[in-house]
Engineer: 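Structure incoming, see below.
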Amino acid sequence: MTVEKRLKNLREKMAESGIDIYIVPTCDFHGSEYVADYFKTREYISGFTGSAGTAVITSVEACLWTDGRYFVQAEKQLPEDYVLMREGEKDTPSIREYIQTYMEKCDGTVTVGFDGRCMTAGMQEETGLPNGVKVICDMDLVGDIWPDRPALSCRKIWRLDEVYAGKTTAEKIKDIRKEMADKGCDILVETVLENIAWTLNLRGDDIACTPVFLSFMIVEQEKMTLFVQEEEVDNQIAGYLKENQIDVRPYEDIYRRLSEIKNKKVWLDFSSANFKIVNLLKQENEIYNHFSPALTMKAIKNDTEITNMKKAHLLDGIAMTKFIFWLKSNVGKIPMDEMMLGDKLEHFRGMAKSYVGPSFAPIVGYQDHGAIVHYSATKESCYDVLPEGIVLIDSGGHYLEGTTDITRTISLGTVTDKMRKMYTAVLKGHLNLAVAVFKEGCSGVSLDLLARKPLWDMGMDYNHGTGHGVGYLLSVHEPPNAIRYRILNNPALNVSLLPGMITSNEPGVYLENQFGIRIENLILCQESKKYKDFLQFETLTLVPYDRELIDEEMLSETEKELLNQYNRRVYEALEIYLTEDEKEWLRNTAMET
């Protein structure tokens with residue numbers, strides 16, 4: 001069925017329900033960034049496959065709001081029926097402004113509909129529906145017109161041993177209850193899947209590339225309840241939960257239980273809790289709206305997690321370096337395309353015994369496809385890869401030892417002076433951020449300029465953040481730590497960087513219809529080795545930079561030394577795991593300029 005036909009069917013349902021405007025965000029019942037197939041209603045109704053976006057449909061128009069990572073992709077994927085709304089650009093109205101303009105054109109009340117389970121309270125507040133709007137929030141109209149909708153994912157839960165987690169579930173629950181007591185909260189309603197998995201030292205497979213399981217959790221001082229699909233819990237996991245004094249209830253019972261809570265102070269995070277949950281609780285309870293204590297605890301990796309994450313990056317460095325050698329040795333000699341490169345990299349990662357799976361679908365963009373920030377190759381779009389130009393590969397893996405995320409832009413033969421100039425400018429910012437020494441209390445906003453300045457000096461920029469937090473065998477994108485120049489409206493997202501936080505360092509440049517360049521490593525925040533009350537980073541990623549793309553005349557002597565130090569470090573860490581041919585190539589790559 002075409003998107004045009006789906007829109008026609010949806011509009012018929014809207015008319016039957018008395019709905020003038022229907023909003024379809026990218027969301028599940030938990031405010032997740034990545035969602036299982038069952039929840040891909042926005043993709044179904046728009047044809048746009050990016051991980052972020054909100055569709056707004058009226059009787060005569062369909063619009064899609066998305067951010068700068070996806071402008072190019074959305075332009076290619078959206079049918080003619082849709083208007084692309086470029087978030088962050090000065091002439092783009094907000095959804096609230098759009099609805100306000102619609103109201104001004106209409107006589108009488110305007111009715112806005114959405115599925116309250118699949119819109120967070122924070123989204124609803126940001127949308128800020130104008131006064132006079134009637135809201136219907138209990139209709140899944142896209143689900144009603146989706147005849148072959150995938151089933152709700154339901155896969156077995158598995159346990160992450162303490163040798164990897166570094167802390168027992170009992171210890172984590174004790175810490176959470178202390179935070180609740182400090183804030184005077186009687187109940188914590190946990191809706192974020194990654195927070196639940198982290199707290200319980202459990203993992204699952206309900207979302208592709210994100211090892212979590214569909215669940216809700218209620219924490220009280222003397223009681224704890226996990227709401228989960230009972231088929232996901234085998235006898236071993238049931239016994240483990242019982243040992244930790246955690247009751248298990250059916251997944252769908254969460255709403256009934258919440259309706260019973262009265263006259264309590266409830267800790268709830270509006271940025272992730274869905275609209276229906278918030279509405280059930282706010283009428284007869286005092287709400288403490290703040291990030292869950294588990295989120296901040298999870299962001300600061302413990303000593304065991306840090307040690308393991310370094311092991312994960314060694315394993316990933318071996319796989320990625322072997323892959324780059326294979327690619328450079330075989331391009332032009334055997335047939336290859338973008339999808340094959342993603343599969344081949346997965347093969348090299350899979351050689352590690354502790355490998356669990358990819359941390360996200362690989363982004364392999366050859367030539368102008370590299371300019372699509374979150375490009376995903378399909379059979380229809382896939383380019384053949386030839387011995388010329390550059391390919392951008394952004395990928396990552398989940399290991400029992402942790403999660404990785406790395407981007408390398410790789411030369412495949414003849415490259416242009418423009419490619420070298422752009423690559424070197426990106427590399428300069430990347431290197432300078434990696435060695436930042438900064439005062440305690442700094443947020444990523446304080447550091448973002450270090451990565452962007454070489455590009456800003458050329459009148460260029462990239463339309464995404466410089467860095468995001470990374471989970472431990474959880475989501476590859478995890479708040480609250482981040483590096484960006486924009487100060488967000490939610491102050492809880494403008495946090496100071498703290499020792500133990502792991503963040504990406506990924507400046508880039510994207511020239512539409514030409515090429516894209518991004519370089520990404522993960523960096524660990526730690527105390528400065530030289531100065532009291534200062535912090536610095538340690539780079540975890542161990543994969544060489546591509547010297548064939550570097551214009552050495554653009555580098556300062558300090559930057560040359562940083563480049564040489566890093567590549568030498570990579571060689572010394574990896575050499576014993578490589579074949580003689582791979583070792584010789586890496587040695588030549590690591591040689592000083």
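On a predicted model such as this, the values are computed, not experimentally measured, just so you know.
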Engineer: Going by the ring-ring contact (aromatic ring centres under 6.0 Å, His included) test, name the single residue among Tyr70, Phe360, Tyr34, Tyr510 that passes it with His374.
Structural biologist: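 Exactly one pass, corresponding to Tyr70.
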
Engineer: Any salt bridge linking Lys530 with Glu527? Criterion: basic side-chain nitrogen under 4.0 Å from a carboxylate oxygen.
Structural biologist: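 Between Glu527 and Lys530 there is no salt bridge, as every charged N stays at least 4.0 Å from the carboxylate O atoms.
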
Engineer: What do you reckon, are the aromatic ring centroids of Tyr423 and His430 less than 6.0 Å apart?
Structural biologist: no

Engineer: Between Tyr566 and Tyr545, is the ring centre distance below 6.0 Å?
Structural biologist: yes

Engineer: For residues 312-326, pull every pair meeting side-chain hydrogen bond (donor to acceptor under 3.5 Å, both in side chains), keeping only residues two or more places apart or in separate chains.
Structural biologist: Asp316-Arg349, Asp316-Tyr399, Asp316-Thr404, Lys322-Glu582

Engineer: Please list, chain by chain and in numerical order, all residues satisfying ring pair (Phe, Tyr, Trp, His ring centres under 6.0 Å) with Phe227, sequence neighbours excluded.
Structural biologist: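 Expected list: none.
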
Engineer: Between Glu179 and Lys183, is there a side-chain N and carboxylate O pair less than 4.0 Å apart?
Structural biologist: yes

Engineer: Quick check: Phe216 with Tyr251 (ring centres under 6.0 Å apart)?
Structural biologist: yes

Engineer: Would you call Asp546-Lys328 a salt bridge at under 4.0 Å N-O?
Structural biologist: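 Counted as a salt bridge, because a side-chain N and a carboxylate O are separated by less than 4.0 Å.
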
Engineer: According to salt bridge (charged side-chain N to carboxylate O under 4.0 Å, His left out), does anything in residues 464-478 pair up with another residue at least two apart or in another chain? List the pairs.
Structural biologist: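 Only Lys298-Glu478 qualify under salt bridge (charged side-chain N to carboxylate O under 4.0 Å, His left out).
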
Engineer: If you measure from the Lys or Arg side-chain nitrogens to the Asp or Glu carboxylate oxygens, is any gap between Asp175 and Lys167 under 4.0 Å?
Structural biologist: yes

Engineer: Can the ring centroids of His398 and Tyr355 be said to lie less than 6.0 angstrom from one another?
Structural biologist: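 No; Tyr355 has its ring centre 6.0 Å or more from that of His398.
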
Engineer: Closer than 4.0 angstrom, basic N to acidic O: yes or no for Arg452 and Asp461?
Structural biologist: yes

Engineer: Charged N to carboxylate O under 4.0 angstrom, Glu230 versus Arg249?
Structural biologist: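 No, this pair does not count.
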
Engineer: Mind checking whether Phe39 and Phe29 have ring centres under 6.0 Å apart?
Structural biologist: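 So the answer is yes for these two rings.
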
